[in-house]
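Bear in mind that the values here come from a model prediction, so they are computed numbers and not experimental data. Per chain, numbering begins at 1; letters A, B, ... match sequence-line order.
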Amino acid sequence: MKRCEPNEVARTIIEHFPREHHEKDPFKVLVSTILSQRTRDENTELASKRLFDRYSSPVSIANASPEDLYDLVKPAGMYKQKAGRIVAIAKLLVERYDNKVPMELSELLKLPGVGRKTANIVLSVSFGIPALAVDTHVHRISNRLGWVKTRTPDETEHELTKLLDEDLWGPINGSMVEFGRRICKPLKPLCGKCPVKECCKLFLFPETAER
DNA sequence: AAAACGGGGGC
DNA sequence: GCCCCAGTTTT
């Protein structure tokens, strides 16, 4: 790596930690993303699989009650909340959105349980629209690298849209999660294995760097 | 700004 | 046993 320009560092991270989404169906992406909120992916994959095996369309979930979903989504945690929101979303899609997940951020945000992170994941994964999903990983790593000095994910999102090329917004989402889970961990980051450590403020200046 | 929701896995 | 996890909503 010749320079430590953010776009170049981001491309290196994306190359080392690819994360392709095989599932692109908007409804399934939306539901599985809600299930994965504050929960590791490994725990939610089985829940998503079993849920879609039993209820494959918005209509079928709209006709169910939250209690019907409890046992299916329980491994994802916060299951009462998530089951209630998934059923409520399905009903909304059927009643007001012609049975389809909307493609506009403003409309997605009206759905219960859908905030900026979830909405932007759906936009980028299902619709191919450039969108940054700034979760705890993206927030933490961006600050460690020295790309931003922010205190909230929303601030980080605003800064990153100015810092990173649009074509990186989608790919960086998943790659940062993988990178953050395997190397740039919250507590004890494995800086020795990090492919971009020579561009990282935390590695170069551990005393002064932000957490 | 803080609490609440929550089962599963790492250490 | 304790802490964290592709957050969001409510108090």
Expressed in angstrom and rounded to an integer, what is the separation of [X] atom [atom1] from [N] atom [atom2]?
X	N	atom1	atom2	result
A/Leu109	C/dT9	CG	P	8 Å
A/Tyr70	B/dC5	OH	P	13 Å
A/Leu190	B/dC11	CG	C1'	14 Å
A/Lys82	C/dT9	NZ	C1'	14 Å
A/Gln81	C/dG7	CD	C1'	9 Å

Please check: side-chain N/O of A/Thr152 versus main-chain N/O of A/Glu155, any donor-acceptor pairing under 3.5 Å? yes
Backbone N/O of A/Thr12 and side chain of A/His16: donor-acceptor pair under 3.5 Å: yes
Using the P atom in both, what is the distance from B/dG6 to C/dT11, to the nearest Å? 15 Å
Span that lies between the P atom of C/dG1 and that of B/dC5, in whole angstrom: 22 Å
Are A/Arg11 and A/Asp167 side-chain neighbours, meaning at least one heavy-atom pair lies under 4.5 Å? yes
Would you say A/Arg140 and A/Pro186 make side-chain contact, with heavy atoms under 4.5 Å? yes
Looking at [options], which one has an atom nearest to any side-chain atom of [X]?
X	options	result
A/Arg85	C/dT8, B/dG9, B/dG6	C/dT8
A/Asn43	B/dG9, B/dG6, C/dC4	B/dG9
A/Lys80	C/dC5, B/dG6, C/dT8	B/dG6

Which is more 5' along DNA chain B, the nucleotide nearest A/Glu42 or the one nearest A/Met78? Just name the residue.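 Of the two residues, A/Met78 wins.
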Most 5' of A/Lys185 and A/Tyr79 on DNA chain B, judged by nearest nucleotide: A/Tyr79
Heavy atoms under 4.0 Å, any strand shown: does [X] hit a base, just sugar-phosphate, or nothing?
X	value
A/Thr136	sugar-phosphate
A/Leu35	nothing
A/Val138	nothing
A/His139	nothing
A/Thr33	nothing

Hey, what's the ring geometry for A/Tyr70 with A/Tyr79, parallel, tilted or perpendicular (30° and 60° as the breaks)? perpendicular
For the cysteine pair A/Cys199 and A/Cys4, state whether the SG atoms are less than 2.5 angstrom apart. yes
Under 4.0 Å between a Lys/Arg side-chain N and an Asp/Glu carboxylate O for A/Lys49 and A/Glu45? no
Under 4.0 Å between a side-chain nitrogen and a carboxylate oxygen: does that hold for A/Arg19 and A/Asp41?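 Yes, this pair counts.
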What I want to check is whether an N or O donor and acceptor connect the side chain of A/Thr39 with the base of C/dG7 at under 3.5 Å.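 Not at all, since no donor on one side and acceptor on the other fall under 3.5 Å apart.
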If you assign A/Asp41 and A/Gly113 each to the DNA chain C nucleotide with the nearest heavy atom, which residue ends up on the more 5' nucleotide?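 Here A/Asp41 is the residue nearer the 5' end.
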5′-ward residue of the pair A/Pro112/A/Asp135 relative to DNA chain C: A/Asp135
Please determine if a side-chain N or O atom of A/Thr118 lies less than 4.0 Å away from the OP1 or OP2 oxygen of C/dT8.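 Answer yes for this pair, as a side-chain N or O of A/Thr118 is under 4.0 Å from OP1 or OP2.
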Does C/dG7 have OP1 or OP2 under 4.0 Å away from a side-chain N or O of A/Ser36?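 No, A/Ser36 has no side-chain N/O under 4.0 Å of OP1/OP2 on C/dG7.
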Base-pair map of DNA chain B as dot-bracket, where | denotes pairing with a different strand and pairs are Watson-Crick or G-U under 3.5 Å: |||||.|||||
